[in-house]
Peer 1: 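Here it is, the structure in full.
Labels below follow one simple rule: chain letters A, B, ... track the order of the sequence lines, proteins then strands, and each chain is numbered from 1. Heavy-atom basis, side chains included; hydrogens, waters and symmetry copies ignored.
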Protein chains: 2
Amino acid sequence: MARVAKNPGSVAVRDRLLEAADRLFYAEGTRAVGIDRVLAEAEAAKASLYSHFGCKDDLVAAYTERRIAEARWRIEAFVAPIPPQERATRIFDWIVAWAESPEFMGCPLQRMVGEITDAGHPARILAAGQREWMLARFVEWVEAAGAVNVQQVATALLVLFDGAAIASLQDGPRRARDARWAAEELLKAAAPGGRGGRRPKTRKQGR
Amino acid sequence: MARVAKNPGSVAVRDRLLEAADRLFYAEGTRAVGIDRVLAEAEAAKASLYSHFGCKDDLVAAYTERRIAEARWRIEAFVAPIPPQERATRIFDWIVAWAESPEFMGCPLQRMVGEITDAGHPARILAAGQREWMLARFVEWVEAAGAVNVQQVATALLVLFDGAAIASLQDGPRRARDARWAAEELLKAAAPGGRGGRRPKTRKQGR
DNA sequence: ACGGAGATAGACAGATCTGTCTGTCAATCC
DNA sequence: GGATTGACAGACAGATCTGTCTATCTCCGT
């Protein structure tokens with residue numbers, strides 16, 4: 001069981017399938033791409049796909065999971081060398097670079113949620129988890145930035161983050177830069193002693 | 001040619017088709033809904049659909065056009081009684097109300113753009129026009145608000161607007177309220193004499 | 001050397017989807 | 001009142017999509 005690649009240099013079929021699905025689903029959407037396209041791109045057999053992933057929906061879920069994992073380590077890797085108090089703003093540099101990359105096609109999770117209406121779909125469940133993770137990061141970064149009104153600023157940055165992705169898909173990467181500018185303004189306004197809101201360090205006010 | 005409804009009380013078949021398409025496409029996505037579903041919902045014949053709209057893509061374009069027209073008059077109607085200098089912030093009240101409505105399924109244009117990859121698709125062309133219209137409104141409102149750095153603030157609000165829609169689809173209407181808070185902060189910061197940016201009334205710095 | 005696990009290739013069933021076409025009916029126009 | 005027009009109903013073709021299944025091949029461990 002779980003044999004390795006049979007010939008050196010080739011990748012295990014499950015990975016090939018997932019990589020092919022990743023490329024195609026992200027570029028064209030999960031609904032627009034059929035199983036056969038994935039098989040051709042992966043140079044794999046249909047039986048392999050259905051033995052590794054039970055059905056297409058589960059392949060979509062696996063694709064979503066992969067995108068989430070990738071996003072997390074990319075973000076963590078980007079943020080790691082940055083002083084904690086600067087992370088809340090600098091993360092928007094990352095978004096700008098992402099939006100400027102030639103293969104950028106928006107946020108895969110946003111597009112998946114737009115396509116898959118059923119909130120109970122396994123991929124939707126995964127995406128909901130990523131929302132919480134992302135918000136938790138913003139709370140962390142905003143807190144480290146020493147801002148007042150942490151929760152409110154963090155959710156505002158989350159919304160800006162989302163807006164940067166979808167607006168860049170429509171108008172190009174300039175929107176990501178616009179989001180960055182807005183994020184900087186918000187954090188300046190939320191600097192302690194600034195024109196910002198209330199002081200309490202932590203305040204339960206919903207997520 | 002262009003006959004009226006044959007029996008009183010019934011609507012012309014083209015309108016019925018468009019209304020049915022609108023409901024179904026918005027609720028489930030243009031790709032998930034087949035022609036037959038639209039026909040059943042509209043209680044119309046297939047030949048009627050293909051004679052009024054040439055193909056499904058054109059029906060999708062007509063749906064998009066309808067959504068755009070509706071958005072424009074709704075926004076204009078909402079904004080009309082509001083003093084111009086308050087419109088930039090108060091428009092976010094409109095978004096909050098929208099996101100709170102039970103049938104809210106995100107911004108139809110965002111979801112369409114996420115589904116339809118081909119930027120040359122007629123519906124995509126229409127959507128691009130709506131982007132310009134929306135940005136022009138924000139510029140107008142921000143200018144009326146007397147803010148400095150009009151273009152930059154306007155694009156920031158546009159990104160917040162987009163973020164409010166997609167984030168509310170994922171996390172619920174609280175994100176629209178978060179966007180409203182952020183918009184208020186940005187406008188406060190951009191008040192003349194505030195901590196905001198430069199003064200020039202109009203400044204070409206891209207759209 | 002042999003048996004089994006995993007991979008491939010592809011036929012196949014069944015559903016669904018777009019788009020065409022034929023035939024019928026009712027209302028309207030000249 | 002006869003011709004025209006628009007709508008309806010639905011069969012049909014052709015493509016595509018998901019998912020199953022069979023048959024074959026190739027590694028790998030024993």
Side-chain angles (χ1 to χ4, degrees), chain A residues 1-21 23-25 27-64 112 115-118 121-123, chain B residues 1-21 23-25 27-64 112 115-118 121-123:
Chain A
M1 63 279 276
R3 270 209 290 113
V4 209
K6 58 177 157 207
N7 45 352
S10 99
V11 194
V13 68
R14 206 196 115 101
D15 289 346
R16 274 187 356 249
L17 283 164
L18 205 42
E19 272 163 32
R23 274 192 298 274
L24 293 171
F25 286 168
E28 304 181 36
T30 61
R31 209 156 195 133
V33 174
I35 285 296
D36 292 339
R37 298 268 311 280
V38 176
L39 294 177
E41 176 93 357
E43 292 180 292
K46 197 174 271 195
S48 303
L49 192 152
Y50 280 95
S51 81
H52 281 291
F53 313 89
C55 60
K56 192 191 177 182
D57 281 339
D58 288 355
L59 177 63
V60 172
Y63 153 70
T64 301
M112 185 274 294
E115 268 192 305
I116 301 175
T117 307
D118 174 19
H121 190 290
Chain B
M1 64 291 266
R3 269 205 295 112
V4 210
K6 59 178 159 206
N7 46 352
S10 100
V11 194
V13 67
R14 205 195 115 100
D15 290 346
R16 265 175 18 236
L17 283 165
L18 205 42
E19 273 164 30
R23 274 192 298 274
L24 293 172
F25 286 168
E28 303 181 35
T30 61
R31 205 149 199 143
V33 174
I35 286 297
D36 293 338
R37 297 267 312 278
V38 177
L39 294 176
E41 176 94 358
E43 290 180 296
K46 196 175 271 194
S48 303
L49 191 152
Y50 279 95
S51 81
H52 281 290
F53 314 90
C55 59
K56 192 192 176 182
D57 281 340
D58 288 355
L59 178 63
V60 171
Y63 152 69
T64 301
M112 186 272 295
E115 268 191 306
I116 301 176
T117 307
D118 174 20
H121 190 290

Peer 1: So does R31(A) get a backbone contact from the side chain of E115(A), meaning a donor-acceptor N/O pair under 3.5 Å?
Peer 2: yes
Peer 1: Would you indicate which nucleotide in dA7(C), dT18(D), dT20(C) comes nearest to any side-chain atom of S48(A)?
Peer 2: dA7(C)
Peer 1: When the distance from CG of L49(B) to C1' of dA7(D) is rounded to whole Å, what number comes out?
Peer 2: 13 Å
Peer 1: Measure from the side chain of A47(A), starting at C-beta and using heavy atoms only, and say which of dG19(C), dC8(D), dT8(C) lies closest.
Peer 2: dT8(C)
Peer 1: Looking at dA7(C), dA9(C), dG19(C), which one has an atom nearest to any side-chain atom of H52(A)?
Peer 2: dA7(C)
Peer 1: Are the side chains of H121(B) and V60(B) in contact, using a 4.5 Å heavy-atom criterion?
Peer 2: yes
Peer 1: Rounded to whole Å, how long is the line connecting atom CG of D36(B) with atom C1' of dC12(D)?
Peer 2: 13 Å
Peer 1: As a test of reading the structure: which of dA7(D), dT8(C), dG19(C) is closest to the side chain of V13(A), going by heavy atoms?
Peer 2: dT8(C)
Peer 1: Quick check for you: among dT18(C), dT18(D), dT8(C), whose closest atom lies nearest to any side-chain atom of I35(A)?
Peer 2: dT18(D)
Peer 1: Tell me: CG of D57(B) to P of dT18(C), nearest whole Å?
Peer 2: 10 Å
Peer 1: Rounding to a whole Å, what distance do you find between L39(B):CG and dG10(D):C1'?
Peer 2: 11 Å
Peer 1: Between L49(B) and V13(B), is there a side-chain heavy-atom distance shorter than 4.5 Å?
Peer 2: no
Peer 1: Find the distance R16(A):CZ to dT8(C):C1' and express it as a whole number of Å.
Peer 2: 10 Å
Peer 1: How long is the straight-line distance from CG of L17(B) back to OH of Y50(B), given to the nearest 0.5 Å?
Peer 2: 11.5 Å
Peer 1: Is there, by distance only and without an angle test, a donor paired with an acceptor across the side chain of K46(A) and the base of dG19(D) below 3.5 Å?
Peer 2: yes
Peer 1: Give one of base, sugar-phosphate or nothing for A44(B), where a contact means two heavy atoms less than 4.0 Å apart.
Peer 2: sugar-phosphate
Peer 1: Roughly, in whole Å, what's the span from NZ in K56(A) to P in dG19(D)?
Peer 2: 8 Å
Peer 1: Round to the nearest Å and state the distance from Y50(B) atom OH to dG6(D) atom P.
Peer 2: 20 Å
